[in-house]
Structures are given as C-alpha cells and as structure tokens.
Amino acid sequence: MNTADRLDLLTRYTEEVVTEDELEELLDGEPTAYIGYAPTGEMHIGHFTTIRKLADFQRAGVDVTVLIADLHAHLDSEKSPWDLLDARSEYYEESIRAMLDSAGGDPESIDFVRGMDFQLDEEYTMEMYRMAAETTVSRAQRAGSEVVRESESPNLGGLIYSLMQNLDVKALDADIAYGGIDQRGIYMLGREILPDHGGEAPVCLFAPLLSGLSGGKMSASDATSKINLTDDPEQVEEKIDGAYCPQGEVEDNGVLEYVRFLIFPILEEREETFVVERPEEYGGDLAFEDYDDLEATYVEGELHPQDLKNAAAGYVDEAIAPIRERLTDRPELLADAYPENYE
RNA sequence: CCGCCCUUAGCUCAGACUGGUAGAGCAGUCGACUGUAGAUCGACUUGCCCCCCGUUCAAAUCGGGGAGGGCGGACCA
C-alpha cells in the first residue's frame, strides 16, 4: 500500500488531523497509535465510531495500543467507584474487542494496557509532579473542559487528568494520539508541554462526536439520546423512531449522523448500498450508493424522515447485533461492572 | 484547630422565622396536531424533605448529636 492510500485510510471519517503533514512524515517510519478509554459509564454506539478507525489503523499498518484508563475513570470526580475499576476495565476491554472485531479489525494484534500498570512508576509520577508545577490551574481546566465533569467545585483530580493523559502518550510510546474531538484540548496542551518533559508532540487524529438522538450532543446520562450496545431490536427501533429528525435538515440530525458515520462505513466495506424500503404510495424503495447521495435526496425533501428512520433502525440493529450477542453471552461482565443496574 | 453557610423530585431551588403528613420551573411519561421527531396545546407522574436521638397529639420545620459539601479565619518559630 502506498503512502497516499495509507494516509487516506487514516484520515477518512475524521473531524480533524493535527497535522496532516506531520502524519505523512510519520508514515516514512513505523508509527504507532494509541487511544484511551476511561472505564466509566456503559459503552454505547458512539464508541463504535472511534473504534472503527482502529481497524483503519491496522489496515494501514499502524500498530495500535488501547489504554483502559482505570485511574482516569476514578480521577474524574470518582465517576467510577474505586472498587469497580477492575470490573469495568474488564467489561470495557471485552466490549472494545467485540466492536473492533465486528468493524473488521483484529483484536488479537491490539496491545491492551491498563493505566495503573504504568502510571504509578516512579519516572512517570515524577514527571507528573514536574508538569503540575509548571501548569497553571486555568490552563489545565481549559484543556480538560470538554472531557472532565464540570462543577462549581471541581476536584483536583480533574486537573491532573489532562497532565496524565499526555504523559500516557509518552509512556506508551505513541506517535499518534487518537480520540474524539472532545479530547482536542488535552492533546493541544500535550503538544505544547510534552517536548519539555522528554516526549514528543504527538500527531493528533480526532473522530467526530455523534449528535444525540434527542438533538444536541449525545449525553451519557440521557438514555433516550443514545443506543446502548445491549439494546434489543425493539429498543433500537423505539429510540430511533423517537429521535429528533427535522425534515430536510442536516444540522443536529442524529439519525443522519448515524447513517453517515456508522452505517455507510460498514456498507462501504461490504460494497453494499443503503436500501430504504418504502411503501408504494410514497414512491417505493430507494437505494443509495453513498452518503452524499442520500443527504442530497434528504435535503431536497425526497426522502421522508420516517422512511429514513425505518431503514436506519434496521441497519443500526444489524451493526450492534454481534456485540450485543457477545455481551449477553457473558452477563457477569455487565453485572459486576454496574451492580446497581444489573441485580 | 475555630467560625459561618448549605443538604427537599432526575436537575435548579422555594417552603423552615409562626410545627398540621410537601411545592414551582425545567426534565420525563401519555394524548392532540403533523406520514417521524421537534415546536405548540392538553393531561399526568415523580420524594428514606442527609442520618440518628429528643420535645410534641403532630416535626422538612423546634432542640441535641452526627455525616457530607462549600466558604472564611487562625497557625505561619
């Protein structure tokens, strides 16, 4: 595979690349990439979009490390209780493996690492203290503002959070820091300070964040705004049917975003088209080769939201089915990780 | 170590002075209207009133103790 093709694989479906020139330069060598997940709330369909890219990394010959950031999960306002970190880490790892598997990646050749396995090392800790001494409170706050829980009385942990995440890049020896666009603030701080702490400014790749189904951002705490990996077909249909989906409008349209960032990448891989089954009275079935085609038709008003929803629900369900199966096969994973939800 | 303030619905808070078995807004649920959702209109739901003890016929409310959170002071040889 030539450099242009690899670059294309790496950057497709991304929100931003910092910077594309630096990324291209990296491809002369054998770059490595990393992404971190803090095992907090239950994983949902939004995670799927970031995980799919891991498959792209692999196709492009970039080694991937997945960090299960257990310490971070507690550091951010104790989102995960200390006693549940192990159980949630295990659940996250299994879910990520399942998602990657169904996205056409190879979980076996991914390096899974737990945060606490190296974040307590003396060298790491020492460097963290030095960063803490050099970073102002407001700078740290700004860096993590999109990631760390906001509050009138923020915890110290939320400030250390960003420093550590950047040290992770160095500790894991990653050339590419990958994550959702919400991680931007943290890594921009990292590009600034990591070189002063024995590391290198990482090249950053950011995935888009999907809108929630109720309009606005997807919220982990709003059940109706997101599809869970374990939702059954009826729940998927209900949630999508109830989604905010203004006719002809693209902005804040979660359904359209699901179709674009979740479904079409899968169809593209399989070289299939997006089929909308539609009653004769509304014009009969439709098939779309690519997303732009579908969006154009939608904007023109030739594709009704209800028909779009019906089709999308079917595809979304198909996408999560294999993951749902693996998780329901091992019910103890979720039960141990979220005892209050699964008794 | 000392002082002051806060803790009531999923969220933001009112009610406390003057005890009588709890309210508003937002959120949520359900209808109406749209071939979806939203908006709009109509209806509805939601509570260990932080915990314990006491006073009282009766405590969210008064008294005592405790827990959690916030703010300030003191200490700075």
Side-chain angles (χ1 to χ4, degrees), chain A residues 40-42 44-46 74-84 137-138 141 145-146 148-161 209-228 231-264 274-288 291 293-320 338-343:
Chain A
T40 53
E42 282 186 53
H44 51 77
I45 205 163
H74 187 74
L75 215 42
D76 181 6
S77 313
E78 303 176 274
K79 274 181 182 169
S80 286
W82 193 257
D83 291 346
L84 294 179
V137 170
S138 64
Q141 220 158 21
S145 62
E146 293 293 318
V148 172
R149 179 177 289 165
E150 289 185 50
S151 154
E152 264 182 54
S153 40
N155 292 85
L156 192 54
L159 301 178
I160 296 173
Y161 190 105
L209 293 188
L210 299 190
S211 294
L213 288 176
S214 46
K217 282 190 176 168
M218 189 180 308
S219 161
S221 53
D222 179 4
T224 59
S225 83
K226 64 184 204 302
I227 307 267
N228 286 329
D231 282 345
D232 60 41
E234 288 74 31
Q235 286 171 306
V236 171
E237 194 187 324
E238 262 175 45
K239 286 183 183 177
I240 291 189
D241 195 51
Y244 174 71
C245 186
Q247 175 150 24
E249 274 183 39
V250 178
E251 197 175 341
D252 268 346
N253 192 322
V255 179
L256 227 37
E257 285 183 31
Y258 276 33
V259 169
R260 177 179 188 179
F261 293 111
L262 193 77
I263 296 171
F264 265 106
F274 185 93
V275 177
V276 177
E277 288 177 13
R278 193 166 62 172
E280 279 306 321
E281 63 170 309
Y282 297 129
D285 296 356
L286 288 171
F288 299 97
Y291 172 76
D293 187 16
L294 182 148
E295 183 183 295
T297 307
Y298 188 78
V299 169
E300 285 164 20
E302 298 299 315
L303 173 58
H304 191 274
Q306 185 66 73
D307 296 318
L308 172 68
K309 283 180 172 182
N310 293 344
Y315 283 110
V316 167
D317 178 60
E318 204 179 303
I320 66 166
Y338 306 95
E340 69 281 8
N341 296 341
Y342 300 87
E343 296 212 11

Task: Whole-Å P distance, rG66(B) and rC30(B) - done: 48 Å

Task: Partner of D317(A) under side chain to side chain contact (heavy atoms under 4.5 Å, CB included), chosen from D231(A), V236(A), I240(A) - done: V236(A)

Open item on the list: What's the gap between rC44(B) and rC26(B) when it is taken at their P atoms, as a whole Å value?
Closed with: 15 Å

- [ ] Write down the partner of rA60(B) under the Watson-Crick or G-U wobble criteria, each distance required to be under 3.5 Å.
- [x] none

Task: Heavy-atom neighbours of E237(A) CD exceed 12 at 6.0 Å - done: no

- [ ] Using the P atom on both, measure rG68(B) against rC62(B) and round to a whole Å.
- [x] 23 Å

TODO: Report which part of the nucleic acid N310(A) touches: base, sugar-phosphate, or nothing (heavy-atom distance under 4.0 Å, all strands).
DONE: nothing

- [ ] Calculate the interatomic distance between E251(A) atom CD and rG38(B) atom P; express it in whole Å.
- [x] 18 Å

Task: Nucleotide opposite rA22(B) in a Watson-Crick or G-U pair, distances under 3.5 Å - done: none

- [ ] Just call it for Q247(A): base, sugar-phosphate, or nothing, with non-hydrogen atoms closer than 4.0 Å on any strand.
- [x] base

Open item on the list: When you compare the side chains of N253(A) and E257(A), does any donor N or O come within less than 3.5 Å of an acceptor on the partner?
Closed with: no

- [ ] Taking E300(A) for its side chain and T297(A) for its backbone only, find out whether a donor-acceptor pair lies under 3.5 Å.
- [x] no

Open item on the list: Rounding to an integer number of Å, can you tell me how far D241(A) CG sits from rG38(B) P?
Closed with: 10 Å

Open item on the list: In whole Å, measure the gap between the C1' atoms of rU29(B) and rU46(B) for me.
Closed with: 10 Å

Open item on the list: Counting only Watson-Crick pairs (N1-N3 plus N6-O4 or O6-N4) and G-U wobbles (N1-O2, O6-N3), all under 3.5 Å, who is the partner of rA37(B)?
Closed with: none

- [ ] Could you tell me the separation between the NZ atom of K226(A) and the P atom of rA37(B), rounded to a whole number of Å?
- [x] 21 Å

Open item on the list: Tell me the interatomic distance from E238(A), atom CD, to rU29(B), atom P, rounded to whole angstroms.
Closed with: 11 Å

Open item on the list: Between C1' on rG35(B) and CG on D307(A), what's the gap in Å once rounded to a whole number?
Closed with: 8 Å

Open item on the list: Can you confirm whether more than 12 heavy atoms, excluding those of E277(A), are under 6.0 Å from its CD atom?
Closed with: no

Open item on the list: Classify the ring geometry of F288(A) against F274(A): parallel below 30°, tilted from 30° to 60°, perpendicular beyond 60°.
Closed with: tilted

Open item on the list: Nearest heavy atom decides the nucleotide; on that basis, is P305(A) or E152(A) closer to the 5' end of RNA chain B?
Closed with: E152(A)

Task: rC50(B) pairs with, by Watson-Crick or G-U criteria that keep both distances under 3.5 Å - done: rG66(B)

Open item on the list: Suppose you measure atom C1' in rG15(B) against the same atom in rC49(B); what distance do you get, rounded to whole Å?
Closed with: 10 Å

- [ ] With a 3.5 angstrom cut-off on both distances, give the Watson-Crick or G-U wobble partner of rA16(B), or none if there isn't one.
- [x] none

Open item on the list: Which nucleotide, if any, forms a Watson-Crick or G-U wobble pair with rC2(B), using both distances under 3.5 Å?
Closed with: rG72(B)

Open item on the list: Roughly how many Å apart are rA59(B) and rU12(B), using the P atom of each and rounding to a whole number?
Closed with: 29 Å

Task: Protein-nucleotide distance (E281(A), atom CD; rG35(B), atom P), rounded to Å - done: 12 Å

Open item on the list: Could you tell me how far rG10(B) sits from rA74(B) if I compare only their C1' atoms? Round to whole Å.
Closed with: 41 Å

TODO: Please report, rounded to the nearest Å, how far the P atom of rA39(B) is from the CD atom of E249(A).
DONE: 14 Å

TODO: Looking only at non-hydrogen atoms, find the nearest pair between Y258(A) and I227(A) and report the distance.
DONE: CE2-CG1, 3.6 Å

TODO: Please state how far atom CD in E277(A) lies from atom P in rU36(B), giving the value in whole angstrom units.
DONE: 20 Å

TODO: Please determine, for the side chain of S153(A), which listed nucleotide (rU36(B), rG70(B), rG35(B)) has the closest atom?
DONE: rG70(B)

Task: Counter-base of rG28(B), judged by Watson-Crick or G-U geometry with both distances under 3.5 Å - done: rC44(B)

Open item on the list: Work out how far the C1' atom of rA16(B) is from that of rU21(B), and round it to whole angstrom.
Closed with: 16 Å

